[in-house]
Amino acid sequence: MPSRADRARHLWASAFNLPNQLTFLRLILAVVMFCLITWEWYLASFVLFVIAAGTDWLDGYFARKYGQVTTLGRILDPFADKVIVCGTFIFLAAVPAMNAVKLGLRPWMVVVLVGRELLVTALRSFLEDQGADFSAKMSGKLKMVFQCVAAGACLVYLDYPNPATAAPDWVRWTMIVSIWVAVLSTIYSGLIYLVVAGRLVRSGA
């Protein structure tokens, strides 16, 4: 029979396996990126954002391939996604140059993005406690893609010195369009999840 120390080592090894280590790495990259945004190192922030957001699939891939899916990983992976994306938009909304862009990023948009994540997380927690399947929908995955594109476009725009006058029109309009697509897809995705949740509740799930 394994000793208590052996069981503790096994739990530690299973909890901090390679997929979870990658998730922790993404969280660390997010913190560094937030510092770089504060220091106005936008190109470096963009590179870290691409790495942190672009490697999202890696931890899930390794977890499934090597049978290392853990409860900790199921909690940390979506948490890391929300920290990276929502945190980036929160820091971007605090940049004065962002607020100066007509039709650009506004604080209310960030509230919509963060509010949607809180709502869906609360609904998922409640419904899965009832035994219902409230897995991610395609609209949610597309929303994540659009948000990442918008955040990256904002960082590229800010990297220009005095971006209001120096940034090319195509860069500015790419940023504006991607921001609005991200916001609208976020609202649409939230409504889809609300409809699904309502159906599950009515069905007695």
Side-chain angles (χ1 to χ4, degrees), residues 16 18-62 72-73 75-118 121 140-186:
F16 291 92
L18 177 60
N20 291 348
Q21 290 175 22
L22 289 172
T23 302
F24 276 114
L25 176 61
R26 290 169 58 220
L27 286 170
I28 293 171
L29 290 176
V31 173
V32 175
M33 178 186 63
F34 299 154
C35 293
L36 293 177
I37 294 175
T38 302
W39 298 332
E40 300 182 1
W41 293 359
Y42 298 117
L43 182 58
S45 302
F46 172 76
V47 172
L48 284 186
F49 179 81
V50 170
I51 295 173
T55 56
D56 172 37
W57 63 275
L58 270 181
D59 45 14
Y61 169 78
F62 284 124
L72 178 63
I75 295 172
L76 279 181
D77 185 48
F79 173 72
D81 292 340
K82 291 172 177 56
V83 168
I84 292 167
V85 176
C86 294
T88 299
F89 279 109
I90 290 171
F91 275 82
L92 286 171
V95 178
M98 278 280 94
N99 294 311
V101 179
K102 186 177 181 181
L103 300 177
L105 185 66
R106 295 293 183 270
W108 70 264
M109 296 177 172
V110 181
V111 172
V112 169
L113 268 58
V114 175
R116 182 269 181 200
E117 301 302 333
L118 294 174
T121 299
K141 296 177 181 179
L142 288 175
K143 173 268 308 177
M144 178 70 171
V145 172
F146 293 141
Q147 288 178 351
C148 289
V149 171
C154 289
L155 291 170
V156 170
Y157 171 81
L158 290 173
D159 187 56
Y160 286 89
N162 193 12
T165 57
D169 287 342
W170 70 269
V171 171
R172 182 171 64 257
W173 280 107
T174 297
M175 177 188 67
I176 292 171
V177 171
S178 63
I179 287 172
W180 280 96
V181 170
V183 171
L184 293 175
S185 65
T186 297

Taking atom [atom1] of [X] and atom [atom2] of [Y], what is their separation to the nearest 0.5 Å?
| X | Y | atom1 | atom2 | result |
| --- | --- | --- | --- | --- |
| Ile51 | Phe46 | CD1 | CZ | 10.5 Å |
| Asp159 | Leu43 | CG | CG | 4.5 Å |
| Thr38 | Met33 | OG1 | CE | 10.5 Å |
| Ile179 | Leu184 | CD1 | CG | 12.0 Å |
| Thr23 | Leu27 | OG1 | CG | 7.5 Å |
| Phe49 | Leu36 | CZ | CG | 13.5 Å |

Test applied, side-chain contact (heavy atoms from CB on, under 4.5 Å); reference residue, Phe34; option that passes from Val83, Leu48, Ile84, Ile90: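 Only one of Val83, Leu48, Ile84, Ile90 forms a side-chain contact (heavy atoms from CB on, under 4.5 Å) with Phe34, namely Val83.
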So do [Y] and [X] actually touch side chain to side chain, heavy atoms under 4.5 Å?
| X | Y | result |
| --- | --- | --- |
| Leu155 | Leu92 | yes |
| Phe89 | Met109 | no |
| Glu117 | Val85 | no |
| Asn99 | Pro107 | yes |
| Ser185 | Leu142 | no |
| Phe146 | Val149 | no |
| Ile37 | Leu158 | no |
| Val177 | Val181 | yes |

Flag if over 12 foreign heavy atoms under 6.0 Å of CH2, Trp108: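 Above 12, so yes.
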Test salt bridge (charged side-chain N to carboxylate O under 4.0 Å, His left out) applied to Asp81 - qualifying residues, sequence neighbours left out: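 Salt bridge (charged side-chain N to carboxylate O under 4.0 Å, His left out) list for Asp81, sorted by chain: Arg26.
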Using every non-hydrogen atom in the two residues, find where [X] and [Y] come nearest and quote the distance to one decimal.
| X | Y | answer |
| --- | --- | --- |
| Pro163 | Tyr157 | CB-O, 3.3 Å |
| Phe24 | Leu76 | CZ-CD1, 3.5 Å |
| Ala166 | Pro161 | CB-O, 3.0 Å |

Derivation and outcome, side chain to side chain contact (heavy atoms under 4.5 Å, CB included), residues Val114 and Leu118: CA-CA 6 Å; Val114 175; Leu118 294 174; 4.1 Å; yes
